[in-house]
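The block underneath contains the structure these notes are about, expressed in structure tokens.
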Number of protein chains: 2
Amino acid sequence: MNAIKVRGIQAAEAAAGATTASAEADALHALDRIDRAILRQLQTDASISNVALAAKVKLSAPACLRRVERLKESGLIRGVVALIDPKAAGAGMLVIIGVVLDRSTPESFAAFEKAAQKVAGCMECHVVTGEFDYFMTIRTRDSDSFNRLHAEQLLYLPGVRQIRSFMVLKEILSTTKFPL
Amino acid sequence: MNAIKVRGIQAAEAAAGATTASAEADALHALDRIDRAILRQLQTDASISNVALAAKVKLSAPACLRRVERLKESGLIRGVVALIDPKAAGAGMLVIIGVVLDRSTPESFAAFEKAAQKVAGCMECHVVTGEFDYFMTIRTRDSDSFNRLHAEQLLYLPGVRQIRSFMVLKEILSTTKFPL
DNA sequence: CTTGAAATACTACTACG
DNA sequence: CGTAGTAGTATTTCAAG
């Protein structure tokens, strides 16, 4: 059940950040069937041992390990993480909020973004087109705790003109798996 | 759902008088400092070896392994997965769409949910309160491919009255890490 | 109930064909 | 890419706090 060991993650991330868009597209295009099978498996369960993974993709263990390392160093695999069940962690409530800023200046956006990342339970924050400037998704315990967060933190984010909250009643789908 | 005890602290639960709280919340509160340190580490990088993890949390390897297994069996750790860099995988575009259905009937909702989960690149789909019935987030290659998806799939989802698209211009924050 | 030390089985990893 | 060998790890057993 041990995760596959990584060698030189720092270097891989640095390299990934420096790659160009065309290089990234090429990296994907260079994937064969086996690479895709590896990625599909690791996206589903990365706690599998390398020998078991090798057997699944019908490859010898060293060859499989080399491919996994290559995928990590190329930056295509951004990392291997444990996913925590929000309900079990006491954050069963999910809220999507749309934010409109007072002014559309670079300073205003920068100040908001800096502060938004520090909001407890903020899982996502994106600049969007349309009637909102930002969309954020926030995980919190219940409606009480969200109300507190809303009154004490969200309304005081810098430059906020309006916040519209969409409370999630049912999570139909929430995945990190990307179709290959 | 798994009602397996996370840590054998029946006495603590009784003393806390948290009998009215959910079993999941109790599971979280049974976590001590070491469990939280383990979860924080595994949320950041789960490819670390067990011996290295044990050293980080100042525990022997077997004891550390037992705690990790307990966290998995309790369901608090939902899984260990590899995260793929969307840009590198040729899906640099993220779109958030709000969906309004024709009618608010159980059949209408069920049909939509079933179909929505099959949309290629759909990462999230939630029922929400407010002016929309659903929010979905979709990863795709570029505006062309999204336009195709929009015209060929999204508009044909069952029972859809209106779809409003918010294209993500900049991803400020996108994390799976949950604050403990 | 949890921990840590020792022993075993298995795995990652290296070198080479 | 595969085989063989080495080094290191995960995992079990067991004794003790």
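Below, chain A is the first sequence line, B the second, and so on; all start at residue 1.
C:dC13 atom C1' lies 18 Å from atom CZ of A:R70, rounded to whole Å. Rounded to whole Å, the distance from CD1 on B:I48 to P on D:dA10 is 10 Å. One interatomic measurement links the two molecules: CD of B:E69 to P of D:dA10, which rounds to 11 Å at whole-angstrom precision. The CG-C1' distance, from B:L65 to D:dT9, rounds to 11 Å in whole Å.
In the set C:dA12, D:dC1, D:dA10, the nucleotide with an atom closest to the side chain of B:N50 is D:dA10. Of all nucleotides listed (C:dT3, C:dC13, D:dT9), D:dT9 comes nearest to the side chain of B:V51. Side-chain proximity of B:R66 to C:dA12, D:dT11, C:dG4: nearest is C:dG4. With distances taken from any side-chain atom of B:S49 to the nucleotides D:dA10, C:dT3, D:dT3, the minimum falls on D:dA10.
A:R67 has a side-chain polar atom (N or O) that falls below the 4.0 Å cut-off from OP1 or OP2 of D:dC1.
With the nearest nucleotide of DNA chain C identified for both A:P62 and B:K58, B:K58 has the one nearer the 5' end.
Remark: A:R148 engages no residue in a salt bridge (charged side-chain N to carboxylate O under 4.0 Å, His left out) (not counting sequence neighbours).
Taking five base pairs at each end of the helix from C:dC1-D:dG17 to C:dG17-D:dC1, the local helix axes there meet at an angle of 40°, rounded to 10°.
In summary, A:D133 and A:R161 do not engage in a salt bridge, as defined by a charged side-chain N under 4.0 Å from a carboxylate O.
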Show me the donor-acceptor pairs, under 3.5 Å and distance only, between side chains in residues 164-171 of chain A and residues at least two apart or in other chains.
residue, atom, partner, partner atom, Å
A:R164, NH1, B:E131, OE2, 2.4
A:K170, NZ, B:E113, OE1, 3.2
A:E171, OE1, A:R139, NH2, 3.1
A:E171, OE2, A:R139, NH1, 3.2
A:E171, OE2, A:R139, NH2, 3.4

Give the table of side-chain donor-acceptor pairs shorter than 3.5 Å for residues 51-58 of chain A, with sequence neighbours excluded, one pair per line with atom names and distance.
residue, atom, partner, partner atom, Å
A:K56, NZ, A:Q41, OE1, 3.3

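Screening residues 95-108 of chain B for side-chain hydrogen bond (donor to acceptor under 3.5 Å, both in side chains), with sequence neighbours left out, gives no hits. Residues in residues 56-96 of chain A take part in no ring pair (Phe, Tyr, Trp, His ring centres under 6.0 Å) pair, two or more places apart or across chains.
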